[in-house]
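Data first, discussion second: the structure below is written as structure tokens.
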Amino acid sequence: MKIFSASKIREADETTISRQGITTGELMERAGTEVFLWLKKRFPDKETVFHVFCGKGNNGGDGLVVARLLHNDNYKVVVDIVEGTGNPSEDFTANFEKLEQNNLACNTNEAYEYKKHKIIFLDAIFGIGLNREVGAEAKEAIQRINNSAVKIISIDVPSGMFMDRKSDIAVHSDMVLTFQFTKLAFYLAGNCNFIKEIKILDIGLDKDFIANEPTQFFLTDRTEAHQRYRPVPAHAHKGTQGHALIIGGSYGKIGAVTLSSKAALKSGCGLVTAYIPKCGYTIVQTAFPEAMVLTGGEEHINTIAFDIEPKAIGIGMGLGQQPETQQAVLEFLKHQKTPMVIDADALNILSYNNEWLNMLPENTILTPHPKELERLMGSWEDDFEKMEKIRAFAKEHKIILVAKDAFTIVACNDRVHINSTGNAGLATGGSGDVLTGIITGLLAQSYSPADAAIFGVYLHGLAADIGVCETSKQAFTASDIINYLGAAYLKIEAEKAQK
Ligand SMILES: NC(=O)C1=CN([C@@H]2O[C@H](COP(=O)(O)OP(=O)(O)OC[C@H]3O[C@@H](n4cnc5c(N)ncnc54)[C@H](O)[C@@H]3O)[C@@H](O)[C@H]2O)[C@@H](O)CC1
Ligand SMILES: [K+]
């Protein structure tokens, strides 16, 4: 799904208005109606009290439409107009006048006579138009909302959240009902406390505009994942499904390379060879009999040489950083042409030798966690700068950068793909090793590097989303990701079959 900037969203609104021959007020009515219908379905009990906080811009106008529709549908509605939210917009004013005509009073300050659990706060103070720091009055309203113990639903965006820079104070929403497009700011680590859940409401914006307008940002949702997914051909055999080579491991860290190798095979490739130091030989052969094993070095890898022809290579998991290993990795990378995923210690070795980055074959995939990312490309001020640096770094070195985080980012071909699957259960040792294994396994199956990275990250998160429902987040381990890969594939197959 495309992610547009606030200015592009405004363009989409304007194009829709002109192509569909409607007024801005009619579009607002449409947006408000979608919110109303969603609320009505979710909260059918007419005793529900909706306390609507409205700013004076168009987001507040949406709030007024929703308030009127709820009131006329016999819900209990309280409306607060929040001061210090700019000059009233035309459509806000028009809808404000309609409130009176519908006998709905504002700012009544009435104490609720209702039971607390039936109150819902609707947040319509600011939308995508926030363009300066929030002033005292709006801040007070936001704090009041946040300090309440009731359910909070934001219209379009959590009020106070900037679309293009760091936000200090914003509504902590349980649910954001956002119009037509998801927003980049929703996926940034610094904004994680402001949103629990997102629901995108289709308000009928112009389809051609959406399809044709370019953007650099994409959400890897179900549709994007399905487009990249490649079912196993009916006449496949192990020779056609690709051979993955996983290079890593050192004394005490053989588990990393075992996990990675298993994940590669479970992602669907035909054959896996693990290249490890001798101390891991019996461990890998016993723990993972499906793998073939090659060795180099005793307790750490000191040379990388083999006469097999893998279709993809994953390198770095549990590798260690002994001087001999560093030398072996650099020598190896120098001559490599095979599609490759570089992770963990191989990444660290690269970051000490930054000039080597330009020697990597085009579209090599790097999978750093935040600390490794910082070592590679330096630090960043905030999430927006981080995103920009990731994009620029991938472009400069002609590589694919998989920046692991709560919402993992894949930067490739001057585009940024934000993943939509996964959960806090993935914050567990070895989950990165599994991801590298999956992506390497997909590369071996002839996925393009971009597809392997984007779909691999999605599949890894999906396995975790399915898995934690049965294991809990606490008890979920990296091995569980591998165990639930099959369920993730089946889910994708079932979704595709439903279409
Ligand atoms: N453009 C359209 O046709 C549509 C817009 N819609 C709604 O309109 C919203 C955008 O509306 P607006 O552009 O009016 O913007 P907002 O309603 O987000 O608020 C901006 C208003 O607040 C003022 N403001 C910005 N930062 C402030 C601050 N820190 N302190 C005080 N005042 C501040 C601005 O001057 C402006 O008047 C969307 O988020 C969405 O909810 C929807 O009704 C769908 C259609
Ligand atoms: K809002």
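As the structure lists them, so they are numbered: ligands from 1, and atoms in each ligand from 1.
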Could you tell me whether N131 approaches ligand 1 through its side chain, its backbone, both or neither, with non-hydrogen atoms closer than 4.0 Å?
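Both of them.
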**Message:** Under 4.0 Å, heavy-atom basis, I'd like to know which part of D13 is in contact with ligand 1: side chain, backbone, both or neither.
**Reply:**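 D13 to ligand 1: side-chain contact only, backbone stays beyond 4.0 Å.
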Going by distance only, is there an N or O of [X] that falls short of 3.5 Å from an N or O of ligand 1?
X    : result
G129 : yes
F179 : no
T24  : no
E133 : yes
I155 : no

The K ion (ligand 2) contact by N59, N, O or S atom under 3.4 Å: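 Short answer: yes, at least one N, O or S atom is under the cut-off.
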Task: Under 3.4 Å: N/O/S of I155 next to the K ion (ligand 2) - done: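 Checking the K ion (ligand 2) against I155, an N, O or S atom does fall under 3.4 Å.
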In terms of atom number and element, which parts of ligand 1 are under 4.0 angstrom from non-hydrogen atoms of [X]?
X    : result
V134 : 29 (N)
G57  : 14 (O), 17 (O)
G127 : 16 (P), 17 (O), 18 (O), 39 (O)
R10  : 13 (O)
L27  : 3 (O), 45 (C)
N59  : 8 (O), 9 (C), 11 (O), 17 (O), 39 (O), 41 (O)

If the K ion (ligand 2) is the vertex, what is the angle to O of V157 and O of F126, rounded to 10 degrees?
->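 Value, to the nearest 10 degrees: 90°.
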### Task
Output yes when K491 and D465 qualify as a salt bridge under the 4.0 Å nitrogen-oxygen rule, no when they do not.
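Judged by the 4.0 Å cut-off on N to carboxylate O distance, K491 and D465 do not form a salt bridge.
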- Message: Assess whether a salt bridge exists between D383 and K166, defined as any Lys/Arg side-chain N lying under 4.0 Å from an Asp/Glu carboxylate O.
- Response: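 So D383 does not pair with K166 through a salt bridge.
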Counting neighbours of NZ on K398 that are heavy atoms of other residues, nucleotides or ligands and sit closer than 6.0 Å, is the number greater than 12?
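It does not: K398 NZ has 12 such atoms or fewer within range.
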Mind checking whether H417 and F218 have parallel, tilted or perpendicular rings, split at 30° and 60°?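 H417 vs F218 ring planes: parallel.
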- prompt: Do protein heavy atoms approach atom 36 (C) of ligand 1 to less than 4.0 Å?
  reply: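 No, there is no protein heavy atom closer to it than 4.0 Å.
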Which protein heavy atom lies closest to [atom], and at what distance to 0.1 Å?
atom                    : result
atom 23 (C) of ligand 1 : T85 O, 3.8 Å
atom 19 (O) of ligand 1 : F126 CD2, 4.0 Å
atom 38 (C) of ligand 1 : D156 OD2, 3.2 Å
atom 6 (N) of ligand 1  : D62 OD2, 3.7 Å
atom 8 (O) of ligand 1  : N58 CB, 3.1 Å
atom 31 (C) of ligand 1 : G84 O, 3.1 Å

>> Taking salt bridge (Lys or Arg N to Asp or Glu O under 4.0 Å) as the criterion, tell me which of K196, R42, K151 meets it with D174.
In response: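 Only one option passes, and that is K196.
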Which N, O or S atom of D123 lies nearest to the K ion (ligand 2), by name
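Of the nitrogen, oxygen and sulfur atoms in D123, the K ion (ligand 2) lies nearest to O.
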*asked:* Please identify which of these residues, K496, E224, E495, meets the side chain to side chain contact (heavy atoms under 4.5 Å, CB included) condition with Y229.
replied: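 Testing each of K496, E224, E495 against Y229, the sole residue satisfying side chain to side chain contact (heavy atoms under 4.5 Å, CB included) is K496.
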Which residue in the set D343, L373, L357 passes side chain to side chain contact (heavy atoms under 4.5 Å, CB included) when paired with L366?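 Result: among D343, L373, L357, L357 is the only option passing the side chain to side chain contact (heavy atoms under 4.5 Å, CB included) with L366.
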| task | State, to 0.1 Å, how close F181 and T178 come at their nearest heavy-atom pair, and which atoms those are. | result |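 For F181 versus T178, the nearest heavy atoms are O-CG2, 3.5 Å.
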Any heavy atom of A138 sitting closer than 4.0 Å to ligand 1?
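Checking ligand 1 against A138, which is what was asked, there is no heavy-atom contact under 4.0 Å.
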What verdict does the side-chain hydrogen bond (donor to acceptor under 3.5 Å, both in side chains) test give for K8 and T215, after you've listed the backbone C-alpha separation in whole Å, the side-chain angles of each residue and the deciding distance to 0.1 Å?
CA-CA 9 Å; K8 273 274 179 280; T215 177; over 6 Å; no
*Shortest heavy-atom approach to atom 28 (C) of ligand 1 - which of R132, E14, M28*: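 Among R132, E14, M28, the closest heavy atom to atom 28 (C) of ligand 1 belongs to R132.
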